[in-house]
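This report concerns only the one structure given below.
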Amino acid sequence: MSTAVQSYLKDLDYSVVQQCMHCGMCLPTCPTYDATKIERNSPRGRIALMRAIADDRLEPTREFGEEMYFCLGCLACMTACPAGVNYAELFEHARAEVERVGVLNNPKRSLIRWFTVKWLFMDLRRLLLLGQVMRLYQQLGFQTLLRRSGVLKLLPRRLQELEAMTPQVQPKFSAELIAPVTPARGDTKYRVAMLVGCAQDLIFSDVNLDTVEVLARNGCEVITPPEQHCCGSLQAHNGELELARELARRNIDQFPPDQFDAIITNAGGCGSHLKHYSHLLAEDSRYAARAGLWDKKVKDIHEWLAQIGIQTPRVNGAAPLRVTYHESCHLTHGQKVTAQPRELLKSIPNVQLTELPESSWCCGSAGIYNIIQPEMANDLLDRKVKHIKSTGAQVVATGNPGCLLQVINGCKREGVDVRVVHPVTLLAEAYRKS
Ligand code: SF4
Ligand code: SF4
């Protein structure tokens, strides 16, 4: 398809392009419009630009490219839209068009994109190798030494900020923690596949282990192959639809959907993308039917547990735990999984759930948005941390690795003493105490 593409927006189904009726209901829910009050920075404004390109009234310019990358891709506008505009599809095609015409290209950007989007995340063995190098660097104390030495102060401010955001790499990755087959505890009721993710595996492999344990406790035999592929959301959200298709095919080949009751993900961002392989592969006669079944089988962990019924842990005598819940954009707006994480948290007897004000407002993580748009991302993070503080919670639970990292960094920066965890970790800990 790559050579046949004339324009990603002109080739897009016109019923998607012309869906917006300009009502403006999405405007108050859009974080970028909220920050600037400029129409161009709103969903309605962006859709008008996309349509103008599809209609041949506008060329994709550098300004258009910058606008598409100023959008968080948080999909809050989709939840608000009464007309059912498929902003996710418009957004992916608009970014693909920006990359096709190359209006944002420069040597530094091209090098970074080639290294990350096109090379590192296309083969997770490369990412894990990099993870092992980082792990050694951190475990042998080089990171601490460098930070204490003051050398980092010589770096430009932006690089210093990026260095401070470097996550702690886990002592063991999923393949070292999780057996390829984990039997159900008690009767086997379901056979499920577990997707370990990419960044998730490096930084939160403990959450993957917790997820597998929770699944086993709830009657699932869990299949977790040691070598897996990225879901492709990084590629799809950064204008590389052909690479995203390639990864979708690899995943469907590795996890034939007819062989599992469910294909489980615990990362909100990945799940939102994984559930749309049928859109991505609609034109691929070899994969389209399997992609349709795949979409139905992919389940976010909260969604799956709510569907099969959560075994209530018994934690008699445990001290009450004040927990608040931050909603990952792609879990909430992309997958509409909102009640199930709360249900999971409420199933833990000593958890006292306090609602977080603006719980579904983006925290600024948004994939790599906090790296490419630091100012806007920081403003959103400050707003989130302020709300977290107001709840007085001891624990913030959230179901996406990007949000976990962002909120951990924000709370650390503001000196807010809370533990930030995936909801499934709290459930796994409660089972262990049972
Ligand atoms: S995806 Fe988020 S930032 Fe982008 S237009 Fe929609 S609400 Fe605004
Ligand atoms: S709410 Fe939907 S139809 Fe209304 S302006 Fe926004 S995108 Fe268009």
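Here the structure is a predicted model, which means the values were calculated and not measured. What you see below is based on every heavy atom in this structure, not just the backbone, and it leaves out hydrogens, waters and symmetry mates.
- Closest approach of Ala377 and Gly364 over heavy atoms only: CB-O, 3.4 Å.
- Residue pairs meeting the ring pair (Phe, Tyr, Trp, His ring centres under 6.0 Å) criterion with at least one member in residues 389-434, sequence neighbours excluded: His302-His422.
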Checklist line | Derivation and outcome, salt bridge (Lys or Arg N to Asp or Glu O under 4.0 Å), residues Arg62 and Glu66 | finding: CA-CA 6 Å; Arg62 181 176 179 80; Glu66 283 168 354; 3.2 Å; yes
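- The main-chain N or O of Cys363 is never found under 3.5 Å from a side-chain atom of Lys384 such that the two would form a donor-acceptor pair.
- In this pair, His237 and Phe91 present their aromatic rings tilted. The plane angle is within the 30 to 60° band.
- The closest donor-acceptor contact from the side chain of Gln160 to the backbone of Leu155 lies under 3.5 Å.
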Notebook entry, point to check: Are Glu97 and Lys10 close enough, and set up right, to give a salt bridge (Lys or Arg N to Asp or Glu O under 4.0 Å), and what steps lead you there?
Noted result: CA-CA 9 Å; Glu97 183 60 6; Lys10 285 177 200 160; over 6 Å; no
Next item on the list: Evaluate the side chain to side chain donor-acceptor pair (under 3.5 Å) criterion for residues Tyr14 and Asp55: first the C-alpha distance (whole Å), next the side-chain angles of each, then the deciding distance (0.1 Å), finally the verdict.
Entry: CA-CA 10 Å; Tyr14 199 66; Asp55 288 346; 2.7 Å; yes
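- Of the possible polar contacts, none joining the His273 side chain to the Gly269 backbone as a donor-acceptor pair under 3.5 Å is found.
- The side-chain hydrogen bond (donor to acceptor under 3.5 Å, both in side chains) test with Glu327 singles out one residue from Thr332, Thr398, Thr338, and that residue is Thr332.
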Next item on the list: Go through the steps for Asn370 and Gln406 under the test side chain to side chain donor-acceptor pair (under 3.5 Å), then give the verdict.
Entry: CA-CA 8 Å; Asn370 55 355; Gln406 177 85 338; 3.0 Å; yes
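- Shortest non-hydrogen contact noted between Phe255 and Ala193 is CD2-CB, 3.5 Å.
- To the nearest 0.5 Å, the span separating CD1 on Ile372 from CG on Asn238 amounts to 6.5 Å.
- Between Phe115 and Trp119, the ring planes are parallel. Angles under 30° get that label, and only those over 60° would be called perpendicular.
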Item checked: side chain to side chain donor-acceptor pair (under 3.5 Å) assessment of Ser359 paired with His326 -> CA-CA 5 Å; Ser359 61; His326 159 63; over 6 Å; no
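- Taking the charged nitrogens against the carboxylate oxygens, Arg147 and Glu163 do have a contact shorter than 4.0 Å, which makes a salt bridge.
- Relative to the ring axis of Phe70, Arg40 does not place its NZ or CZ within 45° and under 6.0 Å from the centre.
- Partner Gln200 forms a side-chain hydrogen bond (donor to acceptor under 3.5 Å, both in side chains) with one of Thr211, Asn266, Thr265 and no other, that one being Asn266.
- For an aromatic pair to be called close, the ring centres must be under 6.0 Å apart, and Trp304 with Tyr190 satisfies this.
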